[in-house]
Amino acid sequence: MSKRVVVDPITRIEGHLRVEVEVDENNVITQAWSSSTLWRGIEVIMKGRSPMDAGLLVQRICGVCTSSHYRCGTEAVENALGVKIPPNAQYVRTLIQVALFLHDHLVHFYHLHALDWVDIVSALSADPEAAAEEALRWTDKPIAAGAGDLRAVQERVAKLVATGKLGPFANGYWGNPTYKLTPEQNLIAVSHYLKALEIQRVAAEMMAIFGGKSPHPQSIVVGGVTSVRDLLNPARLQEWKTKHAQVHDFIERAYLPDIKMAADAYRSEPTVLGGVGVTSFLTCRDFPLGNGEYLFQDGVILNGDLSNVKPLDPSLIKEDVTHSWYQDGPALHPYEGRTEPNYTGFKTAQTLHGELPTLDVNGKYSWVKSPRYDGEPIEVGPLACLLVNYAQGNPRVVEAVDSFLSDTGLPVEALFTTLGRTAGRLIQNMLISKAGMETFEALVSNLAVDKSTFTQPEMDPDKEYQGHAIIEAPRGTLSHWVRIKGGKVENYQAVVPTTWNAGPVDANGKIGPFEASLIGLKLDDPTQPLEVIRVIHSFDPCMACSVHVMDFKGADLGQFQVGPKGA
């Protein structure tokens, strides 16, 4: 007899996410539903605004990947108006994006996702000397992994545990049998968790050098960038380079070894070697290197066919709202997209923990729309980026992926797993970090002969315009779409990575990546669904990006009760 398991909220993500699954008598997931419980209203807020303010407004969608929305919204308007920005402006925007990726991927693995792999409490029983020897198995120059460092970390964690208040480590499923690292390996990872808190600050400072501040940088405008004095100051350029070197060093001496260590420990864990239910992937061209080339190329893989990578065609993107809390209608291209809320509430059903409010899975059950590419659900993200570029023979990607597979002894098939998705984020971060220095050098060289940073945009209020931008954000492919009439935004849509991955079932019964990745997963203990959380965290969900509402004037845009009536 099937049982309903409700995981709400999914923590260690950005935003509000609920997952419900049905498990059979063997605790195997047979059905899964993903729901976000905050309304997305940014499109409504954008109507009637000046296009010149689009980037500044839409970056408030989220406090994590702010510069991605900022840049994408600005470039959508530039595309509509036909504005071509100077090379220096393009390089600066890329360097801001590099800093964001370095920061975001480190924070995701160590502070959001690592605790799905690392048993914190187990580290208390580790032998620090043995742990120091273990660290040398994965790199000859480990960071924060000497016996003295590890003993100090162990004592620090022991004091926290002794208080009975675990702080950020509270409510974990410590001791769950699907944890595979040894106590010594767990201690190494905990030490790097703490060290990463320092390094992520450095990465955030990198963004602030050219962006003005972090989060929510302020230096990108329609037509270029405004951080002219920073670009012309050798000390500021050197500061970015120095901080980049510090972050890159941590990636190579901690992040990479830790992923290799996890890959070795989990290489036979079935719940880690699954987790990819949608085998279609999409990515876009991004990260200019300064020589007319880009680090990543665009492409689409449909139904796992790596031999036939198709070019990305933006006209084939549509969003379905059949099971989303919006007014019914056909799937629409983003230029024609509508954002009209229609909240229908929850139902009551029997679950593993008794009778509880549950999703109306036969009706509408999420604020996330369901993007489709030529009618197909698509996974986006670092894994998709690497798979598309690997299949196309991108030499940098092929070398990095083959090197990782060789070092770990994993087959190519391991890429199509939860472990592969997590390793893919590391590999992408290493590639972006190295390419970032090429872009930095291109900026320095170009400044010697050209100091322009801005092109004056022109907009005729009597004309209508439409434009879009598609870039690669830390969680995957991001696109913004704008239509302008009378000098104001007439329609605005953002199709974000987590929307692609977290959308509910569509009108044709096709399920998205979150839901598909859970089906077939066997839970060791349904009351401690660590396996569900591990798979979902591997996508790095950002629900605020996919469903969001705000009004900077404080006006009441509407009230919605997210829960059962009468609760």
Side-chain angles (χ1 to χ4, degrees), residues 13-15 40 42 54-55 57-76 79 90 93-109 112-113 203-204 206-207 211 214-217 220 281-288 294-299 312 314 317 334 368 371 373 378-386 388-389 421 424-429 431-433 435-436 439 468-481 493-503 513 538-548:
I13 67 168
E14 213 302 318
R40 171 179 176 160
I42 191 70
L57 290 171
V58 297
Q59 74 164 309
R60 263 65 183 186
I61 286 175
C62 175
V64 178
C65 41
T66 58
S67 66
S68 294
H69 290 291
Y70 186 19
R71 174 189 158 200
C72 199
T74 302
E75 292 182 1
N79 177 254
Q90 183 185 52
R93 292 181 184 184
T94 300
L95 294 180
I96 292 172
Q97 197 78 341
V98 167
L100 172 68
F101 270 76
L102 300 188
H103 178 272
D104 191 276
H105 285 354
L106 284 177
V107 168
H108 171 258
F109 178 68
L112 305 180
H113 192 26
M206 285 174 61
M207 179 189 290
S214 177
H216 301 303
I220 299 175
F281 303 90
L282 178 153
T283 193
C284 68
R285 186 181 73 167
D286 207 349
F287 290 95
Y294 286 75
L295 175 59
F296 301 124
Q297 298 299 322
D298 71 88
L312 174 61
I317 298 173
V368 180
Y373 184 85
I378 295 282
E379 177 175 331
V380 301
L383 174 61
C385 176
L386 293 184
V388 168
N389 280 271
R421 195 179 289 117
R425 188 167 273 105
L426 156 75
I427 295 170
Q428 186 190 55
N429 220 26
L431 287 165
I432 289 171
S433 182
T439 305
H468 71 279
I470 304 178
I471 70 169
E472 201 66 13
R475 290 159 184 83
T477 304
L478 167 69
S479 60
H480 284 226
W481 309 75
Q493 297 291 320
V495 184
V496 309
T498 299
T499 315
W500 282 104
N501 292 332
S538 71
F539 289 92
D540 192 10
C542 187
M543 308 315 298
C545 289
S546 56
V547 285
H548 192 78

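Counting from 1, the numbers follow the sequence of the chain as shown.
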Seminar exercise, completed: Taken in chain and number order and not counting sequence neighbours, the residues that satisfy salt bridge (Lys or Arg N to Asp or Glu O under 4.0 Å) with Asp298 are none
Exercise. Taking the inter-plane angle between the rings of Trp481 and His468 on a 0 to 90° scale, is it parallel (under 30°), tilted (30 to 60°) or perpendicular (over 60°)?
Worked result: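 Rings of Trp481 and His468: parallel, as their planes differ by under 30°.
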State, to 0.1 Å, how close [X] and [Y] come at their nearest heavy-atom pair, and which atoms those are.
X: Gly55; Y: Thr74; result: CA-OG1, 3.6 Å
X: Arg475; Y: Phe539; result: CG-O, 4.4 Å
X: Met206; Y: Ala99; result: CB-CB, 3.8 Å
X: Gln493; Y: Pro334; result: CG-O, 3.1 Å
X: Val380; Y: Ala384; result: CA-CB, 3.8 Å
X: Glu472; Y: Asp286; result: N-OD2, 2.9 Å

Any side-chain to backbone donor/acceptor pair from [X] onto [Y]? Under 3.5 Å, distance only.
X: Thr66; Y: Ser214; answer: no
X: Arg425; Y: Ser538; answer: yes
X: Tyr70; Y: Ile220; answer: yes

Are any non-hydrogen side-chain atoms of [X] and [Y] less than 4.5 angstrom apart?
X: Phe281; Y: Leu383; result: yes
X: His105; Y: Leu426; result: no
X: Ile96; Y: Arg71; result: no
X: His69; Y: Leu478; result: yes

Exercise. Does one side chain, of Ser68 or Gln97, offer a donor that lies under 3.5 Å from an acceptor on the other?
Worked result: yes
Exercise. Run the side-chain contact (heavy atoms from CB on, under 4.5 Å) check on Thr283 and Asn389 step by step: do they pass?
Worked result: CA-CA 9 Å; Thr283 193; Asn389 280 271; 4.0 Å; yes
